[in-house]
Undergrad: 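This is the structure, below, for whatever I ask next.
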Amino acid sequence: MADFVIAPPEQVAVPVAGGGVFPVRRIFCVGRNYAAHAREMGSDPNREPPFFFTKPADALVPGGQDTPYPSVTANLHHEMELVVAIGQGGADVSPGDALALVFGYAAGLDLTRRDLQDEAKATHRPWDMSKGFDASAPIGEIVPAAQAGHPAEGAITLKVNGQIRQSGDLSDQIWPVPDVIATLSKLVRLAPGDLIFTGTPDGVGMLNRGDILEGAIAGVGVVRTRIV
Ligand code: MN
């Protein structure tokens, strides 16, 4: 046991469907991965390579807990996403080998301070404080690929207060999961415990305190939270 001079941080973990918990190391997120969402954000959805940003592991909100409305924003947005849980590490992985790294999948929300992100884009500054704030990543249970397989198509939807806000299909991803993993593994060595949020379909929009979010991905599961 190391001679820690303060208490070490608690290990962040996400419940796994069927039992156990998945220990989280890092969170990577794909910037734009559905053509209709790229268009609604004002960019051209050609197949330029995926780009990535990160959130700290302790930004996760697992287990259907409430999500506190963040400070320093007046425009909190929802982005409903398929999350990949990496079970085996690897660098410079080919798309053909990429799925062997996957432990499982979850439904997640990439919450965004859209006003701060718009300002960061306009001033060519980093996105960290618009994306990587506390409680910015609600996530549902992880379903092992051993049970769910590797979903490449199927509905991805988000309801807010019972009304559909986002409705897409995993097959609309510009970069499917194997390409996302292959590209990311050229930038960093992926490690067991890493999560990858794979981008959102169109329909992103504003959230308010009291909103109840229920996201679902066919064959994967649900993510639920309430903004408080
Ligand atoms: Mn996103």
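Whatever order the structure lists them in is the order used to number ligands and atoms, beginning at 1. In this chain, residues are counted from 1 in sequence order.
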Undergrad: Rounded at 0.5 Å granularity, tell me how far OG in Ser136 sits from CG in Asp58.
TA: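 It is 9.0 Å, given to the nearest 0.5 Å.
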Undergrad: Quick one: report the N, O or S atom of Asp110 that is nearest to the Mn ion (ligand 1).
TA: OD2
Undergrad: For the Mn ion (ligand 1), what is the closest N, O or S atom on Glu79?
TA: OE1
Undergrad: Using 4.0 Å as the upper bound for N to carboxylate O, is an ion pair formed by Glu119 and Arg113?
TA: no
Undergrad: In terms of hydrophobic clusters joined by side-chain contacts under 4.5 Å, are Val188 and Ile86 together?
TA: yes
Undergrad: Do you know which N/O/S atom name in Glu81 is closest to the Mn ion (ligand 1)?
TA: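 For Glu81, the N/O/S atom sitting closest to the Mn ion (ligand 1) is OE2.
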Undergrad: So with a 6.0 Å cut-off around CG of Asp134, is the heavy-atom count from everything else above 12?
TA: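 Open: at most 12 neighbouring heavy atoms sit under 6.0 Å from CG of Asp134.
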